[in-house]
There are 2 protein chains.
Amino acid sequence: MGQLTKIRPAQAGTPEVVLPLGRILPGDCVAAMRSLPTASVDLVFADPPYNLQLGGDLNRPDGSHVDAVTDHWDQFDSFKAYDDFTRDWLTEARRVLKPDGALWVIGSYHNIYRVGAILQDLGFWLLNDIVWRKSNPMPNFRGTRFTNAHETLLWASQGEKAKYHFNYRAMKTLNDELQMRSDWVLPICSGQERLKEGGTKVHPTQKPEALLYRVLLATTEKGDVVLDPFFGTGTTGAVAKRLGRQWIGCEREQGYRDAAYKRIEKELPLDESAISTMQSRKEQPRVAFGAVVEAGLIPPGTELFDKKRQWRATVRADGSLESGKETGSIHHVGKTLQGAPSCNGWTFWHMERDGEVKPIDAARQMYLLAVED
Amino acid sequence: MGQLTKIRPAQAGTPEVVLPLGRILPGDCVAAMRSLPTASVDLVFADPPYNLQLGGDLNRPDGSHVDAVTDHWDQFDSFKAYDDFTRDWLTEARRVLKPDGALWVIGSYHNIYRVGAILQDLGFWLLNDIVWRKSNPMPNFRGTRFTNAHETLLWASQGEKAKYHFNYRAMKTLNDELQMRSDWVLPICSGQERLKEGGTKVHPTQKPEALLYRVLLATTEKGDVVLDPFFGTGTTGAVAKRLGRQWIGCEREQGYRDAAYKRIEKELPLDESAISTMQSRKEQPRVAFGAVVEAGLIPPGTELFDKKRQWRATVRADGSLESGKETGSIHHVGKTLQGAPSCNGWTFWHMERDGEVKPIDAARQMYLLAVED
DNA sequence: TCGTTTCGTGAATCGTATG
DNA sequence: ACATACGATTCACGAAACG
């Protein structure tokens with residue numbers, strides 16, 4: 001795991017510097033970032049402590065105890081202390097980012113307003129705020145407020161006039177040929193995806209991979225370098241590796257670093273063809289097959305075939321198919337291969353799963369059950 | 001339209017002050033709010049401007065006036081000016097609010113992070129951030145970013161320990177018996193609701209009445225006073241009148257004031273019965289278990305048990321329970337037997353009646369019906 | 001084997017009145 | 001100020017247990 005790569009820094013005349021790709025830098029993230037050269041990474045994704053400021057214990061109506069985030073890394077003495085911390089890491093992130101790089105930060109109402117204001121003060125330019133609408137949030141057990149059912153992501157460029165990357169077509173493809181909106185409905189991280197050690201969660205705030213999948217697909221290119229200053233158990237690294245992006249992490253806790261390395265080791269990069277995203281307007285899928293892919297129900301790279309196994313195609317990361325020279329939506333590729341006037345890709349294409357052959361429509365049904373709100 | 005009401009200010013010894021209910025105060029909102037007594041309104045709803053062409057609203061830190069037309073400032077100056085403006089009106093709003101009053105602010109990513117941070121700095125305590133998810137947003141025509149499909153509302157109390165009002169039951173009822181979440185899906189203001197004059201919009205950012213309806217129903221009581229410092233064409237006033245709330249507005253533009261008065265004039269208050277909402281049990285009269293026993297609804301000697309028949313207890317004549325060595329209130333005995341942190345005896349304990357097993361809460365409901373008349 | 005029920009749990013700023 | 005008593009309050013999903 002890990003490789004050292006010589007990169008050419010932005011300023012001419014400075015010596016070549018080594019970039020620790022695929023490495024998790026130990027210790028404080030500000031110090032760690034100081035060791036990285038200026039203008040060397042394409043994207044920063046940051047999931048900083050939220051400064052939750054929780055009071056006493058909380059019990060569910062059935063009397064069971066709620067396992068809260070009480071870790072020391074989320075404890076700050078005051079807003080001032082949190083602001084100083086935020087300004088420090090944002091400043092380093094800004095230095096390390098390329099001029100056409102971008103920053104993502106995720107947070108909740110406890111911290112995101114402070115992060116957003118400081119980020120603007122430092123010269124970052126907000127491109128969007130994104131709402132992650134959780135399909136299965138924790139309820140408000142006491143009936144005291146509205147159920148806190150979302151978190152917020154900020155997406156910012158280096159400045160008002162700065163360039164940035166946005167894969168508009170890939171996002172539109174992923175969203176059933178409608179423009180991707182600023183509100184994303186995704187489930188929280190649970191089930192098989194949640195890292196556990198002896199039955200207990202390894203990290204209290206592990207993020208769902210689908211979230212990172214959408215962020216990286218939307219705002220990076222293949223081969224780009226992604227830096228995560230609060231790496232945790234490495235969701236960013238895992239998804240980056242899968243999507244053919246390079247990554248660097250910072251993480252203070254050795255336990256998290258160990259878990260992350262182990263997790264990313266197991267992750268397999270997707271095929272070149274699965275990663276390539278839609279560029280042409282002519283290759284438009286007509287349905288939200290992309291959402292089913294994103295949800296992990298049909299992983300990119302999966303081989304699809306018709307019932308008679310006459311035709312086959314490969315699923316790509318943005319929910320398009322590739323079959324030889326043919327690319328496009330599940331419907332388009334099915335239609336073209338057969339030379340038919342039309343084709344319902346959902347029933348035409350099949351996949352093998354646990355030794356069983358099923359139409360991909362089965363995955364759509366599962367997705368609908370999962371995301372329905 | 002409009003009435004003058006004498007209210008008793010919070011501080012004893014100060015003379016009675018007139019509260020301009022149903023009036024739109026002209027001029028700058030900070031000056032207008034200064035004319036209102038301290039701790040006199042129950043709710044502030046604010047939809048502040050966030051373009052930086054604020055003209056008369058903006059002053060520099062040294063007090064000098066900013067002329068938006070002729071002055072050229074850089075990004076830092078404009079943030080500073082906006083922050084000063086925000087701090088000014090929030091400070092006045094805070095003074096005018098009752099100790100158990102609350103504040104709502106709506107904004108977009110251009111301004112809401114500054115507003116949120118300043119609001120926290122002033123001592124307001126965030127209760128929720130609410131996402132208004134627009135069902136029909138304006139598309140991003142150039143395909144350069146995600147479709148900006150939401151706005152953000154902040155709901156804050158006067159402080160960490162401050163009381164506030166939340167009609168939990170009303171919100172749950174409004175949401176088909178599920179807790180109301182922090183993401184609200186509502187259409188933008190259009191069609192018949194949109195005020196127009198000769199085919200053109202009267203106000204560029206008129207908010208949908210459904211948004212105010214939910215805000216006022218959730219966080220005010222009938223008769224409460226609602227202040228809107230950026231009244232515009234009076235959506236807040238119209239919905240307040242409909243729901244039987246009092247209102248005060250501030251608005252600089254005479255054209256908007258005229259349109260608002262005209263609009264609110266036409267608005268009809270709903271019937272008393274239509275306004276009344278589902279009441280939580282908290283607001284029902286308290287019933288002592290002893291009174292239910294005394295009334296003969298649960299005779300002394302009755303055997304009580306939990307749903308799984310794991311525990312049992314006997315009702316005594318004074319309304320206490322006995323279970324082995326444990327004696328005490330229905331709550332205390334339930335709590336102690338289970339070793340739980342707390343227990344609601346009304347729903348925990350059951351009894352058999354006419355061959356049916358029912359929670360003893362059923363007896364409390366019968367008691368309430370009996371004493372009501 | 002399969003459908004049904006139960007149980008556990010998730011970034012949560014989660015009470016109020018009385019003495 | 002603090003302690004005590006009363007009693008109000010949950011949604012979705014996945015895994016395990018059950019029949």
Side-chain angles (χ1 to χ4, degrees), chain A residues 47-71 73-76 79 106-112 132 134-152 187-194 196 199-201 203-208 230 232 366 369-373, chain B residues 120 124-129 155-157 159-161 163-164 166 168-169 172 175-182 280-284 286-289 308 328-332 334-335 340-349 360-361 364:
Chain A
D47 181 11
Y50 287 8
N51 189 23
L52 284 185
Q53 306 171 257
L54 299 178
D57 281 358
L58 180 63
N59 293 301
R60 299 189 178 80
D62 65 6
S64 64
H65 183 253
V66 176
D67 182 21
V69 177
T70 51
D71 304 67
W73 47 255
D74 197 45
Q75 308 300 323
F76 293 85
F79 280 137
I106 183 168
S108 66
Y109 67 87
H110 310 84
N111 70 324
I112 202 66
W132 167 26
K134 303 180 186 184
S135 53
N136 50 348
M138 191 187 301
N140 182 297
F141 298 115
R142 301 297 295 264
T144 54
R145 305 177 178 189
F146 297 98
T147 305
N148 191 11
H150 73 276
E151 294 189 24
T152 302
I188 61 175
C189 180
S190 65
Q192 293 297 330
E193 190 186 328
R194 188 92 197 198
K196 294 198 176 170
T200 58
K201 53 190 174 189
H203 194 284
T205 69
Q206 188 183 336
K207 295 292 174 289
F230 307 96
M366 289 183 61
L369 285 173
V371 187
E372 210 161 61
D373 59 332
Chain B
Q120 288 181 308
F124 282 107
W125 191 251
L126 279 175
L127 296 166
N128 277 118
D129 58 347
W155 175 39
S157 69
E160 181 173 3
K161 309 284 181 194
K163 288 185 181 169
Y164 60 91
F166 180 53
Y168 176 75
R169 279 299 322 168
K172 191 167 174 174
N175 195 38
D176 203 11
E177 285 307 307
L178 286 180
Q179 288 189 334
M180 186 70 81
R181 300 166 38 118
S182 57
S280 63
R281 178 154 293 154
K282 215 183 296 179
E283 292 153 64
Q284 289 180 5
R286 237 180 220 212
V287 177
F289 182 65
K308 295 182 188 169
S329 74
I330 50 173
H331 316 296
H332 177 79
K335 175 180 116 173
S342 71
C343 170
N344 182 348
W346 291 108
T347 49
F348 177 74
W349 292 111
I360 59 174
D361 193 52
R364 172 167 62 168

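All values below come from the heavy atoms of this structure, side chains included, with hydrogens, waters and symmetry mates left out. In what follows, every chain begins at residue 1, and chains take the letters A, B, ... in the order their sequences are listed. Everything numeric in this text was worked out from a predicted model, so none of it was measured.
- Here C:dC14 presents its C1' atom at 16 Å from CG of A:Asp67, a figure rounded to the nearest Å.
- The aromatic ring of B:Trp125 sits over the base of C:dT13, with ring centres less than 5.5 Å apart and planes tilted by under 30°.
- The interatomic distance linking A:Asn51 (CG) with C:dT13 (P) rounds to 13 Å, in whole Å.
- Under the Watson-Crick and G-U wobble criteria, each requiring two contacts below 3.5 Å, nucleotide C:dT13 is left unpaired.
- Checked by distance alone, A:Arg145 brings a side-chain donor or acceptor within 3.5 Å of a matching partner on the base of C:dT13.
- For B:Arg181, no side-chain nitrogen or oxygen approaches OP1 or OP2 of D:dT10 to under 4.0 Å.
- In this structure D:dT10 sits in no base pair that meets the Watson-Crick or G-U test at under 3.5 Å.
- If you take CE of A:Met138 and C1' of C:dT13, they are 13 Å apart, rounded to a whole angstrom.
- Across all strands shown, the partner of D:dA17 is C:dT4, judged by Watson-Crick or G-U wobble contacts whose two distances both fall under 3.5 Å.
- For A:Gln192 and D:dC13, the CD to P distance is 16 Å, given to the nearest whole Å.
- Among the atoms of the strands shown, none is found under 4.0 Å from any heavy atom of B:Gly345.
- Computed from coordinates, the B:Asn344 CG to D:dC6 C1' distance equals 9 Å when rounded to whole Å.
- Checked against the 6.0 Å centroid criterion, the rings of A:His203 and A:Trp73 qualify as a close aromatic pair.
- Distances shorter than 4.0 Å separate none of the side-chain N or O atoms of B:Lys161 from OP1 or OP2 on C:dG15.
- Taking only distance into account, the side chain of A:Arg60 meets the base of C:dG10 through a donor-acceptor pair shorter than 3.5 Å.
- Salt-bridge annotation for B:Arg169 and B:Glu177: present, with a side-chain N of the basic residue lying under 4.0 Å from a carboxylate O of the acidic one.
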